[in-house]
Amino acid sequence: GSGAAIAAGAMIAMGGSFGIFAAAFLTIVLVVGTSDVVHLVHRFSDHFSAHGDARAAAKLAAAEIGAACMLTSTTTPAGFLALLTTSIPPIRAFGLSTGVGVMITFAVGFALVPPVLARIGPPRAAALRHARDASIRMNRLSQWTLMHWRRLLVVQAVIALICRLV
């Protein structure tokens, strides 16, 4: 969230405005930033379980996945920055702000999250149980969906037809 807020502020400071692409800009910046942080927290939890030291676990996690996250946080902006070649000003502005926003979010995430993890430690047992239970529920839902895909497809087709007729 901090990275997205800073990126949005940078976009406005560069003369941009929140127009038609604002929702896409915020969504992309938050999703990419969140995925980096999720990887970081997951590896932190693994290292903390193995070593029992929050500070060491935060350093190990950041060192282990930092390069991979940096690659995704530079190749994604490269794609958005390619939009600068278009002649459509709103799309150029979107490409610039989103590309820069993803890089800012990565930098903020890796500057803030490891020290915070080192300070606060791993998730509480209740949070881990909640995550495990949610994972079990999602796996059951996925299995049910795969077993009933034909019925679901028919239901979706009927809903689409009803929506089309209304």
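Because only heavy atoms are used, hydrogens play no part in the values below, and waters and symmetry mates are left out as well, while side chains stay in. Because the structure is a prediction, the values reported are computed rather than measured.
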Roughly how far, to the nearest 0.5 Å, is the [atom2] atom of [Y] from the [atom1] atom of [X]?
| X | Y | atom1 | atom2 | value |
| --- | --- | --- | --- | --- |
| Phe44 | Leu117 | CZ | CG | 5.0 Å |
| Ile28 | Thr105 | CD1 | OG1 | 11.5 Å |
| Trp149 | Trp144 | CH2 | CH2 | 14.0 Å |
| Phe106 | Thr72 | CZ | OG1 | 7.5 Å |
| Gln143 | Met138 | CD | CE | 11.5 Å |
| Arg43 | Ile65 | CZ | CD1 | 8.5 Å |

Seminar exercise, completed: Result for side chain to side chain contact (heavy atoms under 4.5 Å, CB included) between Val155 and one of Leu152, Ile159, Val158 points to Ile159
For this session: Identify the residue among Ile104, Val102, Val100 that makes a side chain to side chain contact (heavy atoms under 4.5 Å, CB included) with Pro77.
Result: Val102
Any donor-acceptor pair under 3.5 Å linking the side chain of [X] with the backbone of [Y]?
| X | Y | result |
| --- | --- | --- |
| Ser135 | Ala131 | no |
| Thr34 | Val31 | no |
| Thr86 | Leu83 | no |
| Thr76 | Ser73 | no |
| Thr98 | Gly95 | no |

Exercise. Would a 4.5 Å heavy-atom cut-off, applied to side chains only, mark Ile136 and Asn139 as touching?
Worked result: no
For this session: State, with a plain yes or no, whether a side-chain heavy atom of Asp46 is found less than 4.5 Å away from one of His42.
Result: yes
Using the rule that two of Ile, Leu, Val, Met, Phe, Trp, Tyr join whenever any of their side-chain heavy atoms come within less than 4.5 Å, decide whether [X] and [Y] are in one cluster.
| X | Y | result |
| --- | --- | --- |
| Met70 | Leu40 | yes |
| Val38 | Val113 | no |
| Val108 | Val37 | no |

Exercise. Should we count CZ of Arg92 as having more than 12 external heavy atoms under 6.0 Å?
Worked result: yes
For this session: Specify whether His47 and His51 have parallel, tilted or perpendicular ring planes, treating 30° as the upper limit for parallel and 60° as the lower limit for perpendicular.
Result: parallel
